[in-house]
Amino acid sequence: MVQYDAPAIEKKWQTRWAEANSFAASSDITKPKYYVLEMFPYPSGRIHMGHVRNYTLGDVVARFRRAKGFNVLHPMGWDAFGLPAENAAIERGAHPGSWTRENIASMRVQLKSMGLAYDWDREFATCEPDYYQHEQLMFLKFLEKGLAYRKESWVNWDPEENTVLANEQVVDGRGWRSGAIVERRRLSQWFLKITEYADDLLASIETLDRWPERVRLMQHNWIGKSEGARVEFRLSGNTVPLDAIEVFTTRPDTLFGASFIAVAANHPLALAVAENSKEAVDFIAECAKLGTSEAAVETAKKRGFDTGLSVEHPLISGKTLPIHIANFVLMEYGTGAIFGCPAHDQRDLDFANAYNLPVTPVVLPENTDPTDFIITDEAYTGPGTLINSGDWDGLDVESGKQVALDALEGLGAGTRETTFRLRDWGVSRQRYWGCPIPIIHCDDCGAIPVPVGNLPVTLPEDVDFSKPGNPLANHPSWKHTSCPSCGKAAIREQDTFDTFFESSWYFLRYADPKSAHGFSREAAEYWMPVDQYIGGVEHAVLHLLYSRFFTRALGEVGYLDLAEPFAGLMTQGMVCHQTYQDKDGKWLFPTEVTQNGDSWRHGETGEAVRAGRIEKMSKSKRNVVDPEIIIETYGADTARLFMLSDSPPERDMEWTESGVEGASRFLKRIYRMANDDSLPATGTTPPTEGEGIELVRAAHKAMYGLSQDIEGLRFNRAVAQLHTLANAITDTKGASPSITAARRFAIETLVQLISPLAPHIAEEMWNALGHQTMLADSGWPTADESLIADNVIEIAVQVNGKLRDTITLPRDCPKQDAEDAALASPTIVRYLDKQAPKRVIVVPNRIINVVV
RNA sequence: GCGGGCGUGAUGGAAUGGUAGACAUAACGGACUUAAAAUCCGUGGGCCCUAGGCCGUGGGGGUUCAAGUCCCCCCGCCCGCACCA
């Protein structure tokens, strides 16, 4: 009996594929292409199960398409800039560059052990000047076209570390490392004008028909187009150097219900008030501690500061509204000021209740008595008719909006306006490990682009992480240079790009990774768009939206002509595992725990262990399984097969030991089938009739079903097809020539069908079955559709929608015959109880429903 | 707070509005074995259990000949929110 030796088999075929360069994309652009891409990894040092899942999914698609005759591009590389490298530098003294490159080297070995069909010749790392120099040029071209600009913006500032913090580094308002209270600070930063494309990015979501609906919705909401009005409220006094406040609203219909004006803490009016008020200064400082994230701002308790100033209501003469500075108004959205209508906006109501401001309902829900309609702590945001609104009374909300807009425009107090929630993309980061922004600051000439001939601006290698702050700013010489315009001494920009910059065009680089121009137009236009992009749903908005923007911006500056970068998108779910804690609440690794029936014990101490919830694998909860150990123990094919079984790819999956065992057992089982000495010789023709025919049909059904399932990315069902075929092979007993010929055919089919999922064992079995050619080069079997459909079908018969009997009928039999057969069934006759059926519904080949 | 998703046997899941639970995992029974593992065969939603029947897709309502699937309301859990990638 041949033993299934996964490590030996996997090593053998990985070497063969590499020697034959089996998975290199061809430059023959006359062939139909297929571009499969998985989101490239950050080189953290070791692969985790999320990677295994992601790359297995992509590999199945790549191998399947290749077998079907496509010229497949399936590349891999490294998203190599980022914060963890700097943390390693601070915590362990490692240089970000060497730390990253070592991580890449070890992860590459791990990835290769998975047997992924990558074209490794196209690999690159974004931290190398050979990559990032191109984006420096792209940035300068954006700048020329006005797609990049500089403005002041807010950052989280850690006063102890003298550094800018990412939102994730702010924990409960404090710096994660220092514990110091984080402040908001204004810095001058570079922005890309993504808002220029807001309408196009929104409208084109329609064309992304192979994207998950939820991602399209998220992008839609993120862009957040809202139509409304800009309304001017004139100040009634003149104690500040401003005569009016501009407010953006989507609800001009509720203007009569306005009871206050609220401005952002960094609104010009707030700053003007602060010049003469200590309390205002304190309140603004308080708001600055909130952090910069939207979630922090919106979940914070609504607080405000009454400036003592007021504005005139534009429609009600003599009425004034107080102006507050409020912590829930964002300067980045709209005009940084709102009018509060507490009755019909929850935030405004919370605020009004806290500060005793009046609440006037102006929209009455249908079928409600105005005298009973009182707003206490729940705002009414639904439809209705206007009340308490002068001439507008009786209008419905929608027409009220139009009438309000006309009125405001007539009075010169407001204009129709469309705003987007989408903000321009701030790309400046005050960090070392990123692509330097190619700008030189001159006292006389201002911000001057580095001349194209002087690119790339490379990072200095000798940096010091022991001092607080940005090492690029602390570097003794790197920043000093001369102004390209006037020649005087000048200073380099010390900020680097957001790492989303690199990932916004890497898919283009793969098309032509050695190009001196980033990528060539021809290669990009042949390979793009990516036919199937696969990655985590956490990228549903930012990375995908930035890439869509980049594609447009690069088109604008002449790099290519492409509507959308990713034609098909699949977002995979997370890999989860049960969590375990000991009696002290300390998290335990699954390898430390042994299960005994329903209870768990610590493997060494024998102490009882509490098995907790199934959660996303994370280092902090220790519920992780190391892919390397799984691959060593069971083999990559087992790991891959288990990843694909059971859970649909877009859903979260649970990693279980028994599941891995099950996948391993299945592979061993089919390995035995393929090594069966009693099979007839290679090339034996399968029977076309007689006793083996049912097994042949089962093989064709599997070919058809599995191909459909892979095309539809339903890999769990594809695995079920394989099980069903394997079971059919096992169930077919007998040794007649017809049966053994059918069995060989079914086993060969099974081997071909499993090859995209478990490629190494498939090659080995193909070889054992007597084939000299590599399975990877053997094409894809096509089902004979005449063998798929059964000739007789079991059809359910319902009485009043309840299943009462099943009858067997020939396929596609006439409706009347089906009805007669159903009504002749003794069971049905009994249910009819001698009454004539009222109605009989016959759905051919499916169901018959008798209505009594 | 806003936005998005998910909820079906003990478990992961399957099901163009048409026989709910394909396929697998755990469990149980049997065969083989001195024994165990492996392997093979079988049982496998719940209840009343007699042919048979009743109830079942988070909860409640509705549309339909027919609802896991469509519509409305509610509950629970998970994810994202612009400097993590």
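Every value quoted in this text rests on a predicted model; they were computed, and no experiment measured them. Proteins come first, then strands; the chains are lettered A, B, ... in the order of their sequence lines, and each starts at number 1. Scope of the values below: all heavy atoms of this structure, side chains included, with no hydrogens, waters or symmetry mates.
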With under 30° as parallel and over 60° as perpendicular, where do the rings of A:Tyr4 and A:Tyr671 fit, or are they tilted in between? tilted

Give one of base, sugar-phosphate or nothing for A:Asn849, where a contact means two heavy atoms less than 4.0 Å apart.
base

| message | Does A:Arg429 reach a base, just sugar-phosphate, or nothing at all? Heavy atoms under 4.0 Å. | response | base

Rounded to whole Å, CZ of A:Arg53 lies from P of B:G12 at a distance of 14 Å

Assert: residue with more 5' nearest nucleotide on RNA chain B, out of A:Arg669 and A:Pro648, is A:Pro648

**Asked** Does the side chain of A:Asn800 get closer than 4.0 angstrom to OP1 or OP2 of B:A66 through an N or O atom?
**Response** no

Heavy atoms only, 4.0 Å cut-off, all strands: where does A:Leu422 land among base, sugar-phosphate and nothing? base

NZ/NE/NH1/NH2 to OD/OE distance under 4.0 Å, A:Arg830 and A:Asp805: no

Please check if the number of heavy atoms outside A:Tyr704 that lie under 6.0 Å from its OH is greater than 12. no

If you look at every strand shown and take non-hydrogen atoms under 4.0 Å, does A:Gln430 touch a base, only sugar-phosphate, or nothing?
base

Per side-chain hydrogen bond (donor to acceptor under 3.5 Å, both in side chains), A:Arg429 is matched among A:Asn470, A:Asp498, A:Thr496 by A:Asp498

Sugar-phosphate only, base, or nothing, as touched by A:Val164 at under 4.0 Å among non-hydrogen atoms
base

To the nearest angstrom, the NZ-P distance between A:Lys838 and B:A66 comes to 11 Å

Review point. What integer number of Å spans the C1' atoms of B:G13 and B:G7?
Key: 13 Å

*asked:* Would you call the rings of A:Phe549 and A:Trp425 parallel, tilted or perpendicular, taking 30° and 60° as the class edges?
replied: perpendicular

Query raised in the report: Does any donor-acceptor pair link the side chain of A:Asn221 with the base of B:G3 at a separation under 3.5 Å?
Result: no

Counting any heavy atom closer than 4.0 Å, what does A:Thr806 reach on the DNA or RNA strands: base, sugar-phosphate only, or nothing?
base

Look at all strands and tell whether A:Gly659 reaches a base, only sugar-phosphate, or nothing, counting heavy atoms closer than 4.0 Å.
nothing

Across every strand shown, the nucleotide meeting Watson-Crick or G-U wobble geometry with B:G7 (both distances under 3.5 Å) is B:C75

From the candidates B:U16, B:C54, B:C41, the one with an atom nearest any side-chain atom of A:Arg846 is B:U16

Rounded to whole Å, the NE2-P distance (A:His723 to B:A14) equals 14 Å

The Watson-Crick or G-U wobble partner of B:C23, with both key distances under 3.5 Å, is B:G12

Side-chain contact check for A:Leu217: nearest option of B:G4, B:A20, B:G53 is B:G4

Worksheet item: Looking across every strand, which nucleic acid part, if any, lies under 4.0 Å from A:Phe328 by heavy atom: base, sugar-phosphate, or nothing?
Response: nothing

So A:Gln721, base contact, sugar-phosphate only, or nothing? Heavy-atom distance under 4.0 Å. nothing

Considering every strand and a 4.0 Å limit on heavy-atom distances, what is the contact class for A:Leu83: base, sugar-phosphate, or nothing? sugar-phosphate

Using Watson-Crick geometry (N1-N3 plus N6-O4 or O6-N4) or G-U wobble (N1-O2, O6-N3), each under 3.5 Å, B:G52 is paired with B:C48

A:Leu644 atom CG is separated from B:G12 atom C1', nearest whole Å, by 14 Å

- [ ] Please find out if less than 6.0 Å separates the ring center of A:Trp505 from that of A:Tyr546.
- [x] no

Closest to the side chain of A:Arg672, out of B:C40, B:C54, B:A85, is B:C40

From NZ of A:Lys668 across to P of B:U39 the rounded distance in Å is 7 Å

From CZ of A:Phe642 across to P of B:U11 the rounded distance in Å is 16 Å

**Request:** Could you check whether the rings of A:Phe81 and A:Tyr132 sit parallel, tilted or perpendicular, using 30° and 60° as the cut-offs?
**Result:** tilted

Checking N1-N3 plus N6-O4 or O6-N4 for Watson-Crick, or N1-O2 and O6-N3 for wobble, each under 3.5 Å, the partner of B:G1 is B:C81

To the nearest 0.5 Å, atom CG of A:Leu757 lies from atom CG of A:Leu722 at 6.0 Å

Please work out whether the ring planes of A:Phe501 and A:Phe497 are parallel, tilted or perpendicular, with thresholds of 30° and 60°. parallel

Remember a base hit wins even if backbone is also touched, and classify A:Gln189 as base, sugar-phosphate or nothing at under 4.0 Å, heavy atoms. base

To the nearest 0.5 Å, atom CD of A:Glu493 lies from atom OG of A:Ser188 at 8.5 Å

> Any side-chain N or O of A:Thr499 less than 4.0 Å from the OP1 or OP2 oxygen of B:A85?
Replying inline: yes

Practice task
Using a heavy-atom cut-off of under 4.0 Å over every strand shown, decide if A:His539 touches base, sugar-phosphate, or nothing.
Solution key: base

_Using OP1 and OP2 only, check whether a side-chain N or O of A:Arg651 sits under 4.0 Å from B:A14._
yes

Comparing nearest nucleotides in RNA chain B, the 5'-proximal residue of the pair A:Arg714, A:Ser428 is A:Arg714

Distance col, row A:Ile841:CD1 vs A:Ile848:CD1, nearest 0.5 angstrom, shows 11.0 Å

Report task. Sticking with atom C1', work out how far B:C32 lies from B:C40, rounded to a whole angstrom. Result -> 8 Å

Scanning all shown strands, the Watson-Crick or wobble mate of B:U64 with both distances under 3.5 Å is none

Relative to each other, are the rings of A:Tyr506 and A:Phe40 parallel, tilted or perpendicular (30° and 60° limits)? parallel

Phosphate-side-chain proximity, A:Lys802 and B:C55, N/O vs OP1/OP2 below 4.0 Å:
yes

**Message:** Looking at A:Arg665, I'd like to know whether one of its side-chain N or O atoms comes within less than 4.0 Å of OP1 or OP2 on B:U25.
**Reply:** yes

Whether A:Arg839 contacts B:C65 is assessed here as follows: a side-chain N or O lying under 4.0 Å from the phosphate OP1 or OP2. Is that the case? yes

note: A:Met39, atom CE; B:C84, atom C1'; distance rounded to Å ~ 15 Å

Testing B:C23, B:G4, B:G52 for proximity to the side chain of A:Arg830, the answer is B:G52

Rounded to whole Å, the CD1-P distance (A:Ile847 to B:A67) equals 10 Å

The contact string for nucleotides 73-81 of chain B, one letter per nucleotide 5' to 3', using protein heavy atoms under 4.0 Å with B, S and - for base, sugar-phosphate only and none, comes out as ----SS--B

### Query
Distance between the P atoms of B:G62 and B:U57, in whole angstroms?
15 Å

Open item on the list: Applying a 4.0 Å non-hydrogen cut-off, can you work out what A:Asp350 is touching in the nucleic acid: base, sugar-phosphate, or nothing?
Closed with: nothing

Across every strand shown, the nucleotide meeting Watson-Crick or G-U wobble geometry with B:A37 (both distances under 3.5 Å) is none

chi for B:G7 classified (syn = within 90 degrees of 0, anti otherwise) as anti

_So, does A:Asn727 get its side chain near the phosphate of B:A24, meaning an N or O under 4.0 Å from OP1 or OP2?_
yes

